[in-house]
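Worksheet for the structure shown next.
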Amino acid sequence: MPPRGTTTTGELIIVHQESQASRTRARAYLAQNGIRKRVQRQRERNHDVVSFPGSKAVVTPPISAPVSLSGFSMVEYLISTNIFSDLSSTWGVSPAVCPGPANLSHTLSRASDALECIFRANLAFHWLDLNLWTTRDEKRNMKVAALTYRGQALALAQKELLRCCAPGSTNGDTIRPLTYPAHREICFGIVLRMLQLDYRFARCDVQAHFVACRQLLRGGSDHSLTVDQRSIEALASTIRNPHLHHLMITFECINCTPDSVIWDDADLDFLTKHLCRFLNRLKMREALSTGNRSLDEYSPQAPARVSPSTILWRCLTKIPASIPSNIYRDVCESSAQIGALLIISSVFLDYEDASEGTGTSVPYQCVEELENALFALGEENAISSALNTAWLLAGGLGLPLSQRRARLWFVSGMLYALKRSSGPNLTLRPSNEVVNVQYVKEACLEFLGNPWGQS
């Protein structure tokens, strides 16, 4: 048996997998070592005094070549070397975005042992798929580590769900959690992260995970939700952790399946009608703006809602394609782009219809905030994938504070209705229905590309 304590060799952290105290000491060591490195780099940049031997700012030498890493120790080493940017880019998000999906997942993993095992399983499976192995034994060791972490995650998740659920409520078909919001949020976070793990790496049937997420969000209710503004706001408030909410909304926008962690077939009729009403509002507002411009043809031309010269416009108008960094081919750029178009259009539409107040400058400020964030990524990185814009919007960037979460949930519902009426990856199906992916995209782009003309 290995010792239960934590030992170090250079930067190699050896952690006993069954000891929570061992993992805690390892994380503390990595944090302290990271601070020392940052201090050292800052001193070098400022041309400060060179550290003398024995100084705490001296950087520890890298791992020597003779040290061989097993599957478990390699996972710990990957965490210590911050592989998060590489793992985030596989979701179609630029590595320049911070925090990225992997960063938020790592933050969430500290909430429970189950989430910690899920995060480590993600890293192990990803390292396997990169095929960076020189020997068969190394690959076998990492596969053992990945499957072990996934098995531990399942066992710990079951214990957590049983602890948080009401007695006699787990009959295999429904999950009825206690009314404590903290318990429900922890359970939902575990099931959502397990869904994302199996969706990408286990490649098994994940419909049961989708069902479990919906049951946890709705308190185990078997009937459809009475969908309106107030009920959506109440439902959105069940997830208080902004990082968990960010991951959930993004996954809703980018996953390639017709399933949802929020909506089901019982909501489809309402959501489809809501989408049609939204598109009708867009068309009516555009017709009204066109009429006003024709009556006032000598007035100065107002700026477009989203200027064609912006990086944001290029992200919204680009032709969706496969994303090179998404080696798993499991995210849908078209879905993310439509979601971003619907969100930005809804902001302008609500303020033009005065349902969100009279601050006519608010939508333009939102566009400017998004444009600044995309510009900070670098133009090439920003337009490489429409998922960059969708990721920023899912985190609330560029959205007014009023009804922020309800807006995201309503748009996810309209996107769900589109997915259910379309083929895989939002491809068009032969249909006589007016509402399809291309129609929605053209309507939003026409609305955003024209000037704001108020009645």
Side-chain angles (χ1 to χ4, degrees), residues 87-88 90-93 101-102 104-109 111-126 129 146-147 149-161 164-165 170 172-175 177 183-220 235 238-239 241 243-265 326 328-332 335-336 339 387 390-391 394 408-409 412 415-416 419-420 424:
L87 191 56
S88 289
T90 64
W91 287 100
V93 177
L104 295 193
S105 300
H106 187 220
T107 302
L108 288 176
S109 70
S112 73
D113 288 342
L115 287 170
E116 191 173 328
C117 287
I118 293 171
F119 179 75
R120 281 165 167 72
N122 267 285
L123 286 182
F125 278 119
H126 176 59
D129 288 338
L147 294 174
Y149 280 128
R150 182 175 180 271
Q152 290 175 349
L154 287 170
L156 291 170
Q158 185 178 19
K159 289 181 180 179
E160 193 70 31
L161 289 171
C164 295
C165 288
T170 53
D173 297 323
T174 59
I175 301 174
H183 286 178
R184 183 186 297 189
E185 185 174 283
I186 290 174
C187 291
F188 177 80
I190 291 172
V191 177
L192 177 66
R193 294 291 296 129
M194 203 73 216
L195 163 60
Q196 293 172 336
L197 173 68
D198 286 351
Y199 172 80
R200 164 154 288 184
F201 298 110
R203 301 175 181 89
C204 61
D205 185 9
V206 293
Q207 286 190 351
H209 294 326
F210 279 106
V211 173
C213 284
R214 292 195 295 267
Q215 289 178 347
L216 285 167
L217 279 179
R218 303 187 181 199
L235 192 59
T238 60
I239 306 301
N241 188 311
H243 294 168
L244 179 59
H245 188 266
H246 193 172
L247 289 172
M248 180 195 72
I249 293 295
T250 303
F251 187 71
E252 278 284 286
C253 289
I254 68 174
N255 84 81
C256 296
T257 71
D259 293 303
S260 167
V261 300
I262 303 174
W263 315 103
D264 57 20
D265 288 345
N326 177 228
Y328 301 98
R329 300 293 182 264
D330 59 353
V331 301
C332 180
S335 177
L387 276 81
W391 172 257
L408 290 170
W409 283 53
S412 74
L415 196 57
Y416 172 71
K419 283 185 176 183
R420 293 304 302 269

| message | To the nearest 0.5 Å, what is the distance between OG on Ser105 and NE2 on His246? | response | 10.5 Å

| Are Tyr149 and Phe119 close enough that their ring centers fall under 6.0 Å? | no

| request: Might you point out which heavy atoms bring Ile262 and Ser412 nearest each other, and give the distance in Å? | output: CD1-OG, 3.9 Å

| Heavy-atom check, side chain of Leu195 versus side chain of Phe251, under 4.5 Å | yes

| said: I'd like to check Ile118 versus Arg150 (side-chain heavy atoms, cut-off strictly below 4.5 Å). Are they in contact? | reply: no

| remark: When every non-hydrogen atom of Glu252 is compared with those of Leu415, the smallest separation belongs to O-CD2, 4.3 Å

| query | Side chains of Asp113 and Gln152: does their closest heavy-atom pair fall under 4.5 Å? | reply | no

| Closest approach of Leu115 to Ile190 (non-hydrogen atoms, all atoms of both residues) | CD2-CA, 3.9 Å

| Under the side chain to side chain contact (heavy atoms under 4.5 Å, CB included) criterion, do Leu147 and Phe125 qualify, and how do the steps go? | CA-CA 8 Å; Leu147 294 174; Phe125 278 119; 4.0 Å; yes

| message | Would you compute the distance between atom CD of Gln215 and atom CZ of Arg184 and round it to the nearest 0.5 angstrom? | response | 12.0 Å

| query | Which distance, rounded to the nearest 0.5 Å, do you find between the CG of Asp129 and the NE2 of His126? | reply | 8.0 Å

| Between Asn255 and Asp330, is any pair of side-chain heavy atoms under 4.5 Å apart? | no

| query | Is there side-chain contact between Tyr199 and Cys256, with heavy atoms separated by less than 4.5 Å? | reply | yes

| Looking only at heavy atoms, what is the nearest atom pair of Thr238 and Glu185, with distance? | O-OE1, 3.8 Å

| query | Do Phe188 and Leu192 touch side chain to side chain, with heavy atoms closer than 4.5 Å? | reply | yes

| note | Between the CD atom in Gln196 and the OG1 atom in Thr250, the distance rounded to the nearest 0.5 Å is 9.0 Å

| request: Taking all heavy atoms of Ile254 and all of Leu387, pick out the closest pair and write down the distance. | output: CG2-CD2, 3.5 Å

| query | Is Arg420 paired with Asp265 through a side-chain N to carboxylate O contact shorter than 4.0 Å? | reply | yes

| task | Verify whether the ring centers belonging to Phe201 and Tyr328 lie closer than 6.0 Å. | result | yes

| said: Applying side chain to side chain contact (heavy atoms under 4.5 Å, CB included) to Leu156 and Cys117, what does each step give before you reach the verdict? | reply: CA-CA 9 Å; Leu156 291 170; Cys117 287; 3.8 Å; yes

| request: Report yes if some heavy atom in the side chain of Tyr416 is under 4.5 Å from a heavy atom in the side chain of Asp259; otherwise report no. | output: no

| task | Output the distance between atom NE2 (His106) and atom CG (Leu123), rounded to the nearest 0.5 Å. | result | 8.0 Å

| query | Got Met248 and Trp409 here, is their nearest side-chain heavy-atom distance under 4.5 Å? | reply | yes

| remark: Minimal heavy-atom distance between Val331 and Arg200, with the atoms involved, is CG1-NH2, 4.4 Å

| field | Polar side-chain atom of Ser335 near backbone of Cys253 as donor-acceptor pair, under 3.5 Å | value | yes

| message | If I take atom NZ from residue Lys419 and atom SG from residue Cys332, how far apart are they, to the nearest 0.5 angstrom? | response | 6.5 Å

